[in-house]
Amino acid sequence: MPVEVIMPKVDMDMAAGKLAVWHVAEGEVVKKGAALFDIETDKAAMEVEAPATGRLHHILAVPGVTVPVGAPIAFIYAEGEAVGPAPATAAGQPAEAALAAAAPPGAEVAVAASAAVATPETEVEGLRATPAARRLAREAALALEVLSGTGPKGRIQRSDVEAEIARRRQPPLPAGSGPAPGTVEARPLSRVEPVAPVDWEPQPGGLHVTTRKGTGTPLLLVHGFAADSFGWRPLEEALPRDLPLIRIDLPSHGRSPLRQIGGFADLARALVQAFDRLGDGPVHLLGHSLGGALALALADIRPRRIRSLSLIAPAGLGPEIDGAALNGIARASCTESLTPWLKRLTARPAGISDDFARAAMLGRIDPGLRAAQQDMARALFPDGVQAFDLTAAVERVAMPALMVWGRDDHILPWRQALAAPGEVALHLLKGVGHVPHLEDPETVAGLIARHLAA
Amino acid sequence: MNAQTLFPEVQQREMSFAEAIRDAMAIALERDPTVILMGEDIGVYGGAFQVTGDLIERFGADRVIDTPISELGGAGVAVGAALTGLKPIFEFQFSDFAALAMEQIVNQAAKLRYMLGGEAAVPVVFRMPSGSGTGAAAQHSQSFEAWFGHVPGLKVVQPSTPADAKGLLLAALEDPDPVIIFEHKLLYKMKGPVPLGHYTTPIGKAAVVREGSAVTIVASAIMVHRALEAAAELAKEGIEAEVIDLRSVRPIDRATIIASVRKTGKLVCVYEGVRTLGVGAEISALIAESEAFDYLDAPIQRLGGAEAPIPYNPDLERAAVPQTPDILSVVRRLVRGEV
């Protein structure tokens, strides 16, 4: 039996993936674990490994098409195994029918005969970079995609990567001390000596805000530590379609600038500033974990503009926190070191797939971002303790408030929810960990929708 | 590393390239009775380029042997003499004529030690005046280093200085295998310091003749001088080029070239042989296959001979092989990131 190659789920909320390029041609030999094809998600492009050793046949998806998660896109035959017509899928359907049938409405799906695959009409334009630039970027864990090349036809050269590394490593110096800007020399990076600590430079600009249009009062979303606004998508899918959304990336997170944070108050101030810049209309407010604590602070500071408050496993309601996991996530410079910590987020380790972890690592590939988050973790959670207390703020909550917590939360113990006054509606979800909005988005969205409607 | 730095204490004298080769042959004839010279008109006439000069007067016609006008016959006798224990130095009037002796060089000399299981060796040296620039036209101006470099069993060297010409010839005589020495005709009159007495320049070792960090130029024979001339000009523009004198085509000094490209990230190969399938192709490939690949910061550039016979017309002859302005132009474009 040939082994099915399927479109993997690399993202918790991923329904379909876009095939970017095959690394192996029809009929060629593949080795288990070797790069087989690349897919593009909204966050990043990533490589998918071959699930078995053998020869690749029946390539069903050409580069550029979107394929539903789980759909077969090719088959790997063992060496010597007879290659027949495209086999049926595990579900018993012919592979091509399954691919077409599984397509979500609106998704662009193309089923290609093998012959067509050999000569794809649109060639994937690769990134132009010299071997030296690629090596340097790899060693610095820099994504080449973020660099702009100054060589012929935009080719990224060694000097382009060196300039970027120098820019990121330039320490924030008080005026008049140390070397002048531009004279900071990039220290050589090597694989055996990873770059810890990385110097990073605060960046100018306000927090990154994205919105989803709709009708009525918008829901403002504040993500947790080491997450970003992309993490809300499973919940967004489950929430009412016409509910307008505003997402804020916290400082040094997602697409917001890197900022020096001395403590929780700095972070709250940054959020209030961004909130004030949104206008003066009312919002529903939702925060998760550190974002929950910030939501509590914001609700305390700007109570008149907050219609309702929803908190998912909020921080700030007790001293205990799994500091090792937070530091581990912030520090991890590769998938191998990130995955074990990510698995603490969900109720059970199986909740985080390897592909999900790899996609998460791609979102944290910038060493400057990781260094800034490590510094932030030290300021917020020194010695693995929550150094800020919002129990007084939760006592003062003046708007309708809801709290959702997983009973198997390994990061923040759910009993901290008991710090909330009786007026706060409390939902303790069984079999759910620290990320209920990822682990059970339907239930959480249902609770929030009911809460907003009330 | 050249002979001067290897032997600083040795006395040296200014000599031309041709004089240095004659000096090497004289030393060899004096110290080793098995050494003989063979070739067309190398005796009384003193050689087509006057390299053997008066050696017949000093060592006699028994050891400085004029051979008939048959390269195949002469080379065959030289190979046979080597098999029986002599160390012949066989001179071709032009390297182009080696085409007539390919059977003896490629099928016999290069193979016999291997085919006889090491029971016999062929310590013959073939001296081959080569290269263009003398108005000798298409049949007397070629550069065949890559041809012979393609044959396992042969060693192929290309000295660029009088000191190396002498040192490599003396090293060739100590080598158990046939060694081909390409002597660029334009270099014969070039003068330089040459250590006195016997010394050898190791076969298979390139020399970094100018250190730099911006680009590596690997050149051989006359091209070394054009590369150095270009490098001096580039230095005025702030471009520090590293120049490597290849010296040996087979075996080729991978380590020196790889180390240099790792440092500079840019490679230009300059050679007189036809560009396609030439020495530069081998150097480019060995870099692409090596750990220096990850340090390349621009495409490798090859400057080689035109894909045409060497013309008789002097302007066209110059245009057919790399000249100093060609090297300047390609390095400038490379360093400016235009290629």
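Chain identifiers are assigned alphabetically (A, B, ...) following the order of the sequence lines, protein sequences preceding nucleic acid strands; residue numbering begins at 1 within each chain.
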Heavy-atom donor-acceptor pairs under 3.5 Å, chain A with chain B:
{"from": "A:T130", "atom 1": "OG1", "to": "B:D297", "atom 2": "OD1", "distance (Å)": "2.5"}
{"from": "A:A132", "atom 1": "N", "to": "B:D294", "atom 2": "O", "distance (Å)": "3.3"}
{"from": "A:A132", "atom 1": "N", "to": "B:L296", "atom 2": "O", "distance (Å)": "2.8"}
{"from": "A:R135", "atom 1": "NE", "to": "B:D294", "atom 2": "O", "distance (Å)": "2.9"}
{"from": "A:R138", "atom 1": "NH2", "to": "B:D294", "atom 2": "OD2", "distance (Å)": "3.3"}
{"from": "A:R155", "atom 1": "NH2", "to": "B:V339", "atom 2": "O", "distance (Å)": "2.6"}
{"from": "A:R158", "atom 1": "N", "to": "B:D297", "atom 2": "OD1", "distance (Å)": "2.7"}
{"from": "A:R158", "atom 1": "N", "to": "B:D297", "atom 2": "OD2", "distance (Å)": "3.0"}

Could you check whether atom CG of B:L277 has more than 12 heavy atoms from other residues, nucleotides or ligands sitting under 6.0 Å from it? no

A:R364 meets the side-chain contact (heavy atoms from CB on, under 4.5 Å) criterion, sequence neighbours left out, with A:A226, A:I329, A:A330, A:L338, A:M361, A:L369, A:R370, A:Q373

Ranked by heavy-atom pairs below 4.5 Å to chain B, first place among A:A133, A:G151, A:A132, A:P152 goes to A:A132

Turns out that what part of B:A298 lies under 4.5 Å from chain A's heavy atoms comes down to both

